[in-house]
Amino acid sequence: MNVGIIGGGTMGSGIAQVAATSGCKVKLYDTNQTALDKAKASLEKILLRLIEKGRIDSEEKNRIQSNISYVDTLKDLSDSNLTIEAIIENLNIKKKVFSELESYVADDCIIASNTSSLSIASIAASLKNPKRCLGIHFFNPAPLMKLVEIIPAIQTSYETLEKAIDTISSWKKTVAVAKDTPGFIVNRVARPFYGEALRIYEEGIADFATIDHSLKSLGGFRMGPFELMDFIGNDVNYTVTETVFTAFYFDPRYKPSFTQKRFAEAGYLGRKSGIGYYEYDKDGKKVVGSDVIPNESAIQSDSEEFLKEQIFNRVLVMLINEAADALFLNIASAEDIDIAMTKGVNYPKGLLAWADEKSIDWCVLKLDELYSEYHEDRYRCSPLLRKMNRENKTFF
Ligand code: NAI
């Protein structure tokens, strides 16, 4: 299969590696020669590391590298069976590239976008044949992250969707099919992990380290929300939140946080700037006991264990509510929602399976407690959870 990748940055170069490893002939196109040189050099480094670790041999390295050619005109992608675009996140630029690309490729070539936040319908509309267009959304780093969200637009044909699912599955990725709505599955369902943690901090309930510790020790999350925001970058994470919030017509459930905004504005971006919610050394390792703002006003009267449980329950139930509401609105199947969170962001359990484990009754009770405390729309319980509770149902 011939695969054309447009944009040789972080995502494009990773996707090229994935496709080439699976035996596809890949052409990686970028307008910027420096980006192509960087992509080539970074692949060399990655493959050498894989040899060192004994994961591949030098023959395999040569095979992967010989499957990728680096091209500097869009026309070079004319023999592609599938193209995946991973250029700058700008609708007008993407549309221009898509309509030019369509004039070069064969009628049955699938034209996909790796966009995180733009609507696939709007991108597909730039094509004469929008039926061949869909979203194929990888996670960073593409070679390591198992999950790929596939997003058919309202224009996408069933045949295009089936072919895309088959191809991406043959690249040893786990596919979750998502409706063309803001954040697809992962970037929507994961919002409360950050948002509720920030809110708990802002209310003075606990400091960053306590909140992180609660989620890790009681929930089994590999990183706490503040560690993860520092890892992703507060600038990047804030922008995703703001984009999702705007795209949902300012639904208060997705409201961004001033704390994170100020951290981003201050340049406290996290690991990459050496300081975020914690401090980091030259190698990007967290400096122990380095909470940037220990929360002096944290409630002292509750026992530590009780406080941690309250924090964990609150974040978890908000995540479950978001996952349940995504199912309620047919964003994806229950299986795909759970797979997306375990494979896309490494959650220890699927959120809907977690809801079953805690009991739907518990979820409704906790959400209603939050709602009656705050009277904010953000804490409204999903109608699906309420209905399931009435009917004594479980997700699985
Ligand atoms: P990047 O900035 O690392 O790379 C973009 C590349 O596209 C650059 O090398 C640039 O020279 C090239 N480019 C820009 N305009 C072009 C054009 N008209 N024709 C050809 N090449 C062009 O960006 P990144 O992070 O790889 O993101 C690319 C896309 O993937 C975006 O749509 C983004 O939303 C999406 N995405 C990003 C993720 C991430 O974690 N970085 C995760 C999942 C999706």
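Whatever order the structure lists ligands and atoms in, that order sets their numbers, starting from 1. Owing to the predicted nature of the structure, the values given are computational and were not obtained by experimental measurement.
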Give the contacting part of [X] toward ligand 1: side chain, backbone, both or neither, where contact means a heavy-atom distance below 4.0 Å.
X	result
S116	both
V97	side chain
F139	neither

Subset of ligand 1 atoms that lie under 4.0 Å from at least one heavy atom of [X]:
X	answer
G9	3 (O), 4 (O), 6 (C), 9 (O), 26 (O)
A35	9 (O)
Y29	19 (N), 20 (C)
H137	43 (C), 44 (C)
N140	40 (O)
N32	11 (O)
T115	32 (O)

Return the residue, atom name and 0.1 Å-rounded distance of the protein heavy atom closest to atom 23 (O) of ligand 1.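 Of the protein heavy atoms, T10 N, 4.7 Å lies nearest.
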Given A39, A86, S117, which has its nearest heavy atom closest to atom 28 (C) of ligand 1?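 Shortest heavy-atom distance from atom 28 (C) of ligand 1: A86.
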Run down the list E89, K38, M11 and name the one with the heavy atom closest to atom 34 (O) of ligand 1.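 Selected option, by shortest heavy-atom distance: E89.
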Under the 6.0 Å and 45° cation-pi test, does [X] pair with [Y]?
X	Y	value
R199	Y374	yes
K286	Y280	no
K358	W362	yes

Quick one: do E357 and K349 make a salt bridge, cutoff under 4.0 Å?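 K349 and E357: salt-bridged.
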I'd like to know whether ligand 1 has K94 as a neighbour, heavy-atom separation below 4.0 Å.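 Heavy atoms of K94 do come under 4.0 Å of ligand 1.
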